[in-house]
Amino acid sequence: FTLNIISDNIALQPPSLVPVSATVDGSSEFVLPFNAALLDADVVNIGFRESEYSVTEGEPPPDQYPRIKLAKDKIIAQPLSIQVVPLTVDQFRPLGIPLPDGISLAGLSSPAQFISNGTMDFNNSIQNLTFGLSQSELSPFVGIVDDQINEADQQFICIVRLADPSVNASGNVIIKNPSTVIRIVDNDPISIGFGADTYTFTKGGQ
């Protein structure tokens, strides 16, 4: 016989047991009842919404910077914890994670370009975030350091990964867009000019 299973379109459900019993046609005799194991086959996709985000250095205030957007496309049965990791090109390269279409590592800033006055131009701390059951979007925040140095625009990479890879033992979570590029747009001007409006010189003097 066949059991008709209805998909509820909810991912990350634990296996469940369904009691099953039946009778033989034309008879009141029961077939030995048993439990059928139901395994969740629903897949949830997560990833960055955009391939690149731009942040102006120092303006507007840091708490008003455009936030990165992470998306989830399906309801889940349990919270899903993820990590957002900011990386330089050299840190990103050995991971083997794909960049967004149309972006190449060769065109991104080298690690040395991010060092100003001995500090990084962006906060490279790992952020831990959690998707709620019906939550479709998260907005991680990466802090930018206003170094007051006139320089070329810089780029670094953010990746998203599962905080606990074991939750994906059955492959029900797909990280569809695992990386995004953050462009730091420099707005530090260079001012040049005379130090005073008037200079007085003595004839024959110095």
Side-chain angles (χ1 to χ4, degrees), residues 9-12 42-76 79-116 120-147 151-165 167-168 171-188:
N9 210 33
I10 298 176
L12 301 184
D42 291 305
V43 172
V44 59
N45 294 288
I46 64 172
F48 293 104
R49 283 201 182 277
E50 304 292 340
S51 61
E52 185 173 356
Y53 295 86
S54 291
V55 176
T56 300
E57 182 183 271
E59 187 179 87
D63 61 352
Q64 296 178 29
Y65 282 150
R67 291 176 179 266
I68 305 165
K69 301 296 183 182
L70 282 166
K72 175 174 69 68
D73 69 352
K74 191 167 292 183
I75 295 174
I76 50 180
L80 181 62
S81 295
I82 55 99
Q83 293 181 328
V84 174
V85 187
L87 301 168
T88 64
V89 169
D90 281 0
Q91 293 169 331
F92 175 82
R93 184 179 285 110
L95 301 180
I97 297 173
L99 278 170
D101 291 342
I103 297 177
S104 100
L105 284 176
L108 302 183
S109 303
S110 67
Q113 291 176 277
F114 286 108
I115 305 298
S116 299
M120 297 289 285
D121 280 5
F122 65 94
N123 187 334
N124 61 350
S125 299
I126 295 174
Q127 291 190 55
N128 293 281
L129 303 165
T130 300
F131 275 111
L133 307 191
S134 58
Q135 187 175 8
S136 61
E137 189 175 83
L138 288 174
S139 297
F141 173 78
V142 178
I144 305 300
V145 177
D146 187 2
D147 55 16
E151 56 197 347
D153 293 350
Q154 302 166 332
Q155 307 89 31
F156 63 95
I157 302 161
C158 281
I159 64 168
V160 59
R161 67 189 183 192
L162 296 177
D164 179 10
V167 303
N168 199 27
N172 292 66
V173 180
I174 295 177
I175 302 180
K176 196 170 184 181
N177 301 304
S179 67
T180 189
V181 172
I182 312 298
R183 179 182 298 274
I184 304 174
V185 180
D186 186 71
N187 69 342
D188 294 311

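Here, residue 1 is the first one in the sequence, and each next residue gets the next number. These numbers come from a predicted model, not from an experiment.
Using modelled atom types, one side-chain atom of Asp73 and one backbone atom of Asn45 make a donor-acceptor pair closer than 3.5 Å. No donor-acceptor pair under 3.5 Å is formed between the side chain of Lys72 and the backbone N or O of Leu138. Counting only distance, with no hydrogens or angles, the side chain of Asn124 and the backbone of Pro86 share no donor-acceptor pair below 3.5 Å.
A pairwise comparison of heavy atoms in Gln83 and Asn128 identifies NE2-OD1, 2.9 Å as the closest pair. Shown here for Leu129 and Val84, the closest heavy-atom pair between the two residues is CD1-CG2, 4.2 Å. Scanning all heavy atoms of the two residues, the minimum distance from Ser136 to Arg49 falls at O-NH2, 4.0 Å. Heavy atoms only, all atoms of each residue included: Val43 and Lys74 are closest at O-NZ, 2.9 Å. The minimum heavy-atom distance between Leu99 and Phe92, with the atom names listed, is CG-CE2, 3.7 Å. Between Asp90 and Arg93 the shortest heavy-atom distance is OD1-NH1, 2.9 Å.
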Going through the distances and angles, do Ile182 and Tyr53 end up as a side chain to side chain contact (heavy atoms under 4.5 Å, CB included)?
CA-CA 5 Å; Ile182 312 298; Tyr53 295 86; 4.0 Å; yes

For a side chain to side chain contact (heavy atoms under 4.5 Å, CB included) check, start with the C-alpha distance between Ile103 and Leu108, then their side-chain angles and the critical distance, and finish with the verdict.
CA-CA 9 Å; Ile103 297 177; Leu108 302 183; 4.2 Å; yes

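Taking a 6.0 Å sphere around CG of Asp164, one finds it holds more than 12 heavy atoms contributed by other residues, nucleotides or ligands.
Side-chain contact between Leu162 and Leu80: present, with at least one pair of heavy atoms (C-beta onward) separated by less than 4.5 Å.
Considering Ile126, Val142, Val160, Ile157 as possible partners of Val85, the one that fulfils the side-chain contact (heavy atoms from CB on, under 4.5 Å) test is Ile126.
Here Ile159 contributes atom CD1 and Ile82 contributes atom CD1; the two are 10.5 Å apart, rounded to the nearest 0.5 Å. One finds the CZ atom of Phe131 at 8.0 Å from the CD atom of Glu137 (value rounded to the nearest 0.5 Å). Atom-to-atom distance recorded for Asn172:CG and Asp42:CG is 8.0 Å, nearest 0.5 angstrom.
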Residues 173-180, side-chain donor-acceptor partners within the protein, below 3.5 Å, at least two apart:
| unit_1 | atom_1 | unit_2 | atom_2 | d |
| --- | --- | --- | --- | --- |
| Asn177 | ND2 | Phe48 | O | 3.4 |
| Ser179 | OG | Pro98 | O | 2.7 |
| Thr180 | OG1 | Glu50 | O | 2.9 |
| Thr180 | OG1 | Ser51 | O | 3.1 |

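For the residue pair Asn123 and Ser125, a side-chain donor N or O sits within less than 3.5 Å of a side-chain acceptor on the partner.
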